[in-house]
Number of protein chains: 2
Amino acid sequence: MDSITIIGLCAASFTTFAFLPQLIKTIKLKQTKDLSLMMYLVFVIGIVLWLIYGINKNDLPIILANIVSLLLSGTVLVLKIIYK
Amino acid sequence: MDSITIIGLCAASFTTFAFLPQLIKTIKLKQTKDLSLMMYLVFVIGIVLWLIYGINKNDLPIILANIVSLLLSGTVLVLKIIYK
């Protein structure tokens, strides 16, 4: 695997798993006042579109990365609605 | 342009501009207690890696989307550090 592919995989991992510390913080704090509902709504819609794109292109990395993103950011969105 | 390309461009626009309402909210509230510092640190590092990837691949959509993402999420990160 060339170094540019490795940089791309790292980039995808970082932007995907970045939402994990936010999810953990939100579960612990049970507070979401400073989080933007609109951000998480728009982001989750975008991730669903990425999933549709990946499935149509038969692109496994896009599909896998966006399933993880959907689980993480989707759960933050649900918590934002519950703890508003 | 085929419909899958349009879905991909919409996906990229949604996940990029999702951070704009968060940035506006943070500027208005001047409060970032519920935001995860680790999320924005990891996310911004990921975006910088995407930029390096896009520049090396000479991929203009990746470069442009990640310049916008870097401006938006990078500013939220700076505000998180200022208003902690």
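On a predicted model such as this, the values are computed, not experimentally measured, just so you know. All chains are named by letter (A, B, ...) in the order of the sequence lines, taking the proteins before the strands, and each is independently numbered beginning at 1.
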Looking at [options], which makes the most heavy-atom pairs under 4.5 Å with chain B?
{"options": "A:Ile24, A:Asn66, A:Leu49", "answer": "A:Leu49"}
{"options": "A:Ala18, A:Ala12, A:Ser13, A:Gly8", "answer": "A:Ala18"}
{"options": "A:Thr32, A:Leu35, A:Leu23, A:Ile7", "answer": "A:Leu35"}

Chain B heavy atoms under 4.5 Å from A:Lys28: which part of the residue, side chain, backbone, both or neither? neither
Going only through I, L, V, M, F, W and Y residues with side-chain contacts under 4.5 Å, is there a path from [X] to [Y]?
{"X": "B:Phe43", "Y": "A:Leu9", "result": "no"}
{"X": "A:Ile82", "Y": "A:Leu37", "result": "yes"}
{"X": "B:Leu64", "Y": "B:Val68", "result": "no"}
{"X": "A:Val48", "Y": "B:Ile6", "result": "no"}

Tell me the closest heavy-atom pair linking A:Asp34 and B:Leu29, and the distance in Å. OD1-CD1, 3.9 Å
Closest heavy-atom pair and its distance - B:Ser36, A:Gln22: N-OE1, 2.9 Å
Check each of A:Val44, A:Leu41, A:Ile45 against B:Phe14 using the side chain to side chain contact (heavy atoms under 4.5 Å, CB included) test, and report the only one that passes. A:Ile45
Tell me, out of B:Ser3, B:Cys10, B:Gly46, who's got the most heavy-atom pairs with chain A below 4.5 Å. B:Gly46
NZ-CE distance between B:Lys25 and A:Met38, expressed to the nearest 0.5 angstrom: 10.5 Å
Proximity breakdown for B:Lys33 and chain A, heavy-atom pairs closer than 4.5 Å: both
Is the number of heavy atoms from other residues, nucleotides or ligands within 6.0 Å of OH (A:Tyr83) greater than 12? yes
Those residues of residues 50-58 of chain A that come under 4.5 Å of chain B on a heavy-atom basis, listed by number, are A:Trp50, A:Ile52, A:Tyr53, A:Asn56, A:Lys57
